[in-house]
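Structure first, commentary second.
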Amino acid sequence: MPMMLKVNGQKRSLSLDTRTTLLDALREHLHLTGTKKGCDHGQCGACTVLVNGKRINSCLSLAIMHDGDEITTIEGLGTPDKLHPMQAAFVKHDGYQCGYCTPGQICSAVAVLEEIARGVPSHVQDDLTAAPRATNMEMRERMSGNICRCGAYSNIADAMAEVAGGMG
Amino acid sequence: MKFDTPAQTNPIDKMAVVGRPVDRIDGPLKTTGTATYAYEHREAINPAYGWVIGSAIAKGTLRWLNLNEVKAAPGVIAVVTAQDAGPLGKAGRNTAKLLGGPEVDHYHQAIGVVVAETLEQARAAAALARVEYVRAGGQFDLVQALATASVVDDSGKPSAPEIVGTFDTAFAAAPVKLDAEYTTPDHSHAMMEPFASIAVWNNDELTVWTSNQMIDWGRGDLAKTLNMPKEKIRFLSPYIGGGFGGKLWLRVDAVLAALGAKAAGRAVKVTLPRPFMTNNSTHRPATRQRIRIGASLDGTITAIGHESGSGDLPGGGPETATAQTRLLYAGANRLTALRLAVLDLPEGNAMRAPGEAPGMMALEIAMDEMAEKLGMDPVAFRIKNDTQVDPAKPERRFSQRQLVRCLTEGAERFGWSRRNPKPGQARDGRWLTGMGVAAAFRNHLNGTSAARVHLDASGMVTVETDMTDIGTGSYTIIAQTAAETMGVPVEAVSVKLGSSDFPVSVGSGGQWGAASSTAGVYAACVKLREAIAQKLGFDPASALFEGGFVRSGNRSARLGEAAAQGRLTGEDKIEYGELGKTWQLSTFGAHFVEVGVDAYTGVTRIRRMLAVCAAGRIINPKSARSQVIGAMTMGVGSALMEELVVDKRFGFFVNHDLASYEVPVHADIPHQEVIFLDEADDKANPMKAKGVGELGLCGVGAAVANAIYNATGVRIRDYPLTPDKYLDKLPPLV
Amino acid sequence: MKAFTYERAKDPVAAARAVAGRPGAKFIAGGTNLLDLMKIEVEVPTHLVDVQDLPFDKIEQTPEGGLRIGALVTNTDLATDERVRRDYAVLSRSIVAGASGQLRNKASTAGNLLQRTRCPYFYDTNMACNKRKPGSGCAAIGGFSRQLGVIGVSKSCIATFPGDMAVALRLLDAVVETIDAKGKTRAIPIAEFHMLWGDHPEREFALAPGELITAVTLPQPLGGKHYYEKVRDRASYAFALVSVAAVIQPDRTGRVAFGGVAPKPWRVEAAEALLPQGAVAVTAKAFAGATPTKDNAFKLPLATRALASVIAQAKA
């Protein structure tokens with residue numbers, strides 16, 4: 001089916017099988033392979049992208065359902081020569097090892113700070129009616145949909161804390 | 001370069017670059033999604049998509065396989081099964097054959113591959129295969145199978161228990177004794193990147209982009225499987241999304257991509273769907289372990305016995321869970337034995353720290369129990385039984401062994417003195433809190449490793465080796481090694497890895513990668529230094545390489561000048577003599593953990609973690625620390641949640657995806673601390689470095705288990721320590 | 001995944017008609033559970049009706065003083081809504097205890113109610129499963145059942161309803177509103193929405209073919225202290241072993257419902273009347289007649305202990 005995605009600011013026209021997921025549209029058709037397929041079942045978070053500003057698992061969404069949507073992938077956040085602050089913080093704090101979950105972690109990390117600022121509640125908030133803060137525990141809970149088998153969690157939390165602190 | 005005498009002072013000792021916490025040089029690629037993993041290479045034009053068909057039974061034969069609907073499905077280009085694949089070999093490193101049929105050896109064993117124009121078409125078509133099986137009885141119950149299993153050596157050959165002194169009488173005579181059984185379940189590597197390969201044929205030449213820790217093994221084993229010359233295969237893995245031992249071997253994705261590509265006459269991509277990976281590939285085998293420790297009243301171990309049983313497919317090997325017990329503690333009388341049962345579950349094989357990981361999970365609980373029986377502090381009990389020699393061969397000393405310092409410095413740093421030795425006493429609101437300690441131990445292994453280093457006229461140094469980076473930091477530490485040896489900044493080094501076009505390295509596994517691959521690069525750099533000195537007419541022995549210049553006497557030249565008329569190349573390999581036999585090369589550490597156990601629900605949450613490691617020279621403290629915290633995280637998984645559940649009726653791992661096989665998430669892991677003791681092991685290699693990536697895992701699980709005991713007073717010897725195992729022993733509800 | 005055709009519905013009745021009139025047709029909203037199951041051919045729709053454009057994305061005050069939650073309100077938006085956080089905290093807490101931030105951003109209110117079980121044998125199409133293939137048997141019985149049901153299960157199926165949000169909705173006496181292909185609307189009390197399937201585990205939801213959920217309404221706020229205690233093996237991003245939703249009033253009366261134990265959110269009103277007597281009394285009554293397996297018998301004491309922790313927190 002014909003469709004259009006706005007990916008990282010660019011309009012991309014595609015004609016896809018109805019079965020094609022947003023993830024496979026990005027990876028196999030647009031060759032934006034920064035978004036990773038770890039499980040293809042919403043169990044790992046490696047495929048996290050931002051759709052209209054919100055993070056989702058691109059593996060559990062049909063591309064056709066995103067006709068006209070704005071998609072931001074890891075490639076849209078920054079490039080090796082011009083890293084996004086979160087990407088730079090991941091490098092500085094070694095917030096990755098094999099690198100496979102990393103794009104999803106970074107997309108999620110960017111979204112988590114935005115969600116905290118927007119007042120989205122979390123499981124570890126004592127007072128649901130208070131505004132959440134970017135504490136270590138808050139960020140860890142909110143990042144829990146992004147699995148890192150290399151176990152870089154402690155470093156990712158440090159990277160996020162640096163970016164969150166900088167946002168002051 | 002032959003390494004057969006202890007390392008003297010060498011260019012690495014300058015440690016201007018080596019030993020520094022350099023950011024990973026591949027970081028900007030990995031964090032921007034521009035590092036290219038197996039399924040993402042675009043050099044293969046217009047690839048078709050392969051989808052693997054797997055067996056629905058664990059053991060038996062295919063009575064018939066009807067592929068008519070598959071072949072007629074939209075987009076299908078080819079279907080390959082064992083029937084039409086031609087004769088296939090089986091590499092010695094694979095226990096079960098990779099393409100099954102008509103015999104089936106385990107659940108989800110591949111029995112075919114469907115190649116279609118699109119991924120969606122291939123997946124849908126594969127589901128149309130109609131298969132009728134004849135089920136055969138299989139053995140899926142480890143306890144039952146071990147009842148008649150015999151003793152084997154580490155390689156699986158029939159053997160006898162290894163005894164030092166007279167274990168039985170010494171144990172019987174000991175005034176304080178422990179005799180306990182421990183179990184560890186099957187574990188899954190669960191690396192984030194699924195197995196994946198792209199294969200393309202050019203006449204009789206095959207190129208495979210894949211995700212494999214051991215380029216030369218994989219290349220050779222693929223050649224053997226396909227009955228073709230190894231030289232005709234290019235095998236490429238520049239980036240690998242985790243392996244943990246699961247990608248040491250040639251697996252089905254590479255074989256079926258190659259067979260599919262041949263049948264389709266074009267490039268084919270194959271990846272394994274996550275729910276298929278667990279039973280299709282390898283896992284860490286479950287163990288049942290018995291540990292006996294006898295000690296005198298002052299805490300001196302007089303007898304130590306460790307027996308472990310595990311299972312594998314016919315022709316497989318044991319989980320060598322007793323290995324560390326031969327070396328970790330003193331004791332005049334010793335017994336170790338492995339038993340190997342035949343099981344018809346999927347293939348058991350190496351997973352991060354094979355042997356020591358499950359072995360230490362048991363041994364280090366036993367040490368905690370024994371300390372309590374003796375009324376000793378568990379740190380002090382371990383220190384009391386330190387040994388500086390191989391207990392079975394006292395003439396063999398450890399090249400370096402700072403276990404005691406790891407324990408004492410760790411205890412100091414962690415605030416161990418605040419631990420209440422009486423369990424079940426400390427409480428923080430609803431949380432029962434406790435601290436646990438365990439030693440960490442893992443042998444260091446060396447292996448031959450080669451590299452090629454080029455210098456160009458701009459002064460740029462390029463390293464080529466088939467070494468892999470599975471997240472271990474190889475790119476970076478190799479760049480640091482070359483930078484140090486050639487006297488240039490890291491930015492002046494380009495590192496190319498993971499290609500069979502390059503000299504054969506030691507590869508990634510067994511925590512052998514970092515030390516030997518950098519030693520091989522060092523050897524090649526020494527050759528390049530000689531070539532440069534010769535070219536410039538300098539004395540190779542006295543030439544100094546610093547700041548991008550070469551100096552000799554009062555002469556000096558920019559490094560690149562040597563390559564003004566064409567690039568210079570140095571190629572060499574590191575090879576090892578007998579030092580590893582003369583000396584025992586091992587790595588040591590201590591893990592400290594504080595937990596909270598919910599007094600109501602029994603749920604455990606980790607509060608603090610510290611590891612102190614003594615593992616030779618640390619080439620890059622930043623990436624090495626990440627290796628250790630990652631291992632600690634995996635250790636938390638094995639302590640609290642990880643278990644592949646065997647359905648003994650049907651013979652498969654039931655929880656075969658990432659939702660049902662739980663591994664730790666962010667919320668499980670607090671800030672982690674790692675301390676590296678300052679070491680340089682001159683008996684190990686010219687880098688004076690040893691492995692650390694597996695050391696970090698060994699003992700973590702037991703430290704968690706011991707902390708749970710300290711918190712609750714409940715001793716659990718069966719991993720993972722989930723609340724259902726001790727709920728009835730928690731404080732009663734008021 | 002089998003091939004399917006796709007349409008994007010523009011109005012509710014047309015959507016309902018598109019599904020009702022076509023065997024094999026299904027609605028899709030967030031898709032987080034449906035696509036998961038389509039990839040392994042547990043779900044094999046031949047036609048998908050995408051309802052994302054329907055006007056069901058608002059949370060509105062009802063004349064009765066409650067809230068009407070549009071069927072397409074995402075889990076995140078529902079948990080974040082100020083009124084929900086203030087007056088129905090148990091609902092907000094149940095939502096953020098489930099899944100992950102990414103999934104909650106996509107998953108809809110209606111879809112969350114319609115989650116299928118997470119029984120591993122349901123997910124493995126090589127295994128017998130009466131829910132997936134009626135009459136084929138149940139491989140879970142006699143198999144790995146640690147996560148599965150202890151009460152309300154049958155000889156045909158011992159699966160659980162896996163969700164968290166629905167447990168809170170059951171506690172709050174929510175009502176599910178639907179519309180059918182003829183434009184007829186219906187209000188289904190949440191207690192009746194998830195069915196005890198008995199010998200028909202394929203019958204999970206009290207919906208007719210093509211009947212479309214439009215909203216979930218909440219009655220007036222209950223006041224009291226709100227809790228959602230979820231016990232799981234890891235700290236986040238996991239299904240419940242046992243969960244407890246509770247609203248406790250100052251006089252120690254209140255409501256309690258359990259998740260992870262049964263084919264539906266498990267609430268026994270006669271049992272919650274015993275709340276002032278403590279957790280043991282409540283769970284003894286709520287779980288009377290339970291038929292756990294050896295693997296999951298621990299869920300019964302765990303439910304008691306989880307409730308006890310809630311009662312203790314309420315006292316504090």
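Letters A, B, ... are given to chains in the order of the sequence lines, protein chains preceding strands, and every chain is numbered from 1.
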query: Which atoms of A:C47 come close to chain C, meaning under 4.5 Å heavy atom to heavy atom: side chain ones, backbone ones, both, or neither?
result: neither

- line: Applying a strict 4.5 Å limit to non-hydrogen atoms, the region of C:I95 in contact with chain A is neither

message: Using heavy-atom distances under 4.5 Å, tell me whether C:A235 contacts chain A through its side chain, its backbone, both, or neither.
response: backbone

field: Heavy-atom donor-acceptor pair, A:N57 side chain to C:Q102 backbone, under 3.5 Å
entry: no

task: Determine yes or no for a side-chain-to-main-chain donor-acceptor pair under 3.5 angstrom, with C:T76 supplying the side chain and C:N105 the backbone.
output: yes

- request: Among C:A79, C:G31, C:A3, C:A97, single out the residue with the greatest number of heavy-atom pairs under 4.5 Å to chain A.
  value: C:A3

- prompt: Charged N to carboxylate O below 4.0 Å: is that the case for C:D233 and C:R146?
  reply: yes

field: Residue C:A107 versus chain A: region with a heavy atom under 4.5 Å
entry: neither

field: Interchain contact, A:M1 with chain C, by part (heavy-atom threshold 4.5 Å)
entry: side chain

- prompt: Is the backbone N or O of A:A134 less than 3.5 Å from a side-chain atom of A:E138, with the two atoms forming a donor-acceptor pair by type?
  reply: no

task: Please flag which part of C:D36 lies under 4.5 Å from any non-hydrogen atom of chain A: side chain, backbone, both or neither.
output: both

task: Identify which part of A:C107 has an atom lying under 4.5 Å from any heavy atom of chain C, answering side chain, backbone, both or neither.
output: neither

message: Let's test your reading of the structure: which of C:G30, C:G101, C:A89, C:S92 forms the most heavy-atom pairs below 4.5 Å with chain A?
response: C:G101

query: If you look at every heavy atom in A:S61 and C:K106, which pair is closest and at what distance?
result: OG-CE, 3.2 Å

query: Nearest 0.5 Å, what's the CE-NZ distance between C:M1 and C:K39?
result: 6.0 Å

query: Are C:E41 and C:K2 within salt-bridge range, i.e. N to O under 4.0 Å?
result: yes

- request: Sort out for me which of A:I147, A:I64, A:D67, A:V124 touches chain C most, counting heavy-atom pairs under 4.5 Å.
  value: A:I64

- line: chain C shares the most heavy-atom pairs under 4.5 Å, among A:K54, A:H41, A:M65, with A:M65

query: Within the distance-only criterion (no hydrogens, no angle test), does the side chain of C:R132 pair as donor or acceptor with the backbone N or O of C:Y121 below 3.5 angstrom?
result: yes

message: Between A:D17 and chain C, with a heavy-atom cut-off of 4.5 Å, which part of the residue counts as in contact: side chain, backbone, both or neither?
response: neither

message: Does any backbone or side-chain atom of C:R93 lie under 4.5 Å from a heavy atom of chain A? Answer side chain, backbone, both or neither.
response: both

message: Under 4.5 Å from any heavy atom of chain C, what part of A:N52 do you find: side chain, backbone, both or neither?
response: neither

task: Pick one of side chain, backbone, both or neither for A:S122, based on which atoms fall under 4.5 Å of a heavy atom in chain C.
output: backbone

message: If the threshold is 4.0 Å, N to carboxylate O, is there a salt bridge linking A:K37 and A:D24?
response: yes

statement: Closest non-hydrogen contact found for A:L128 with A:P121 is CD2-CB, 3.8 Å

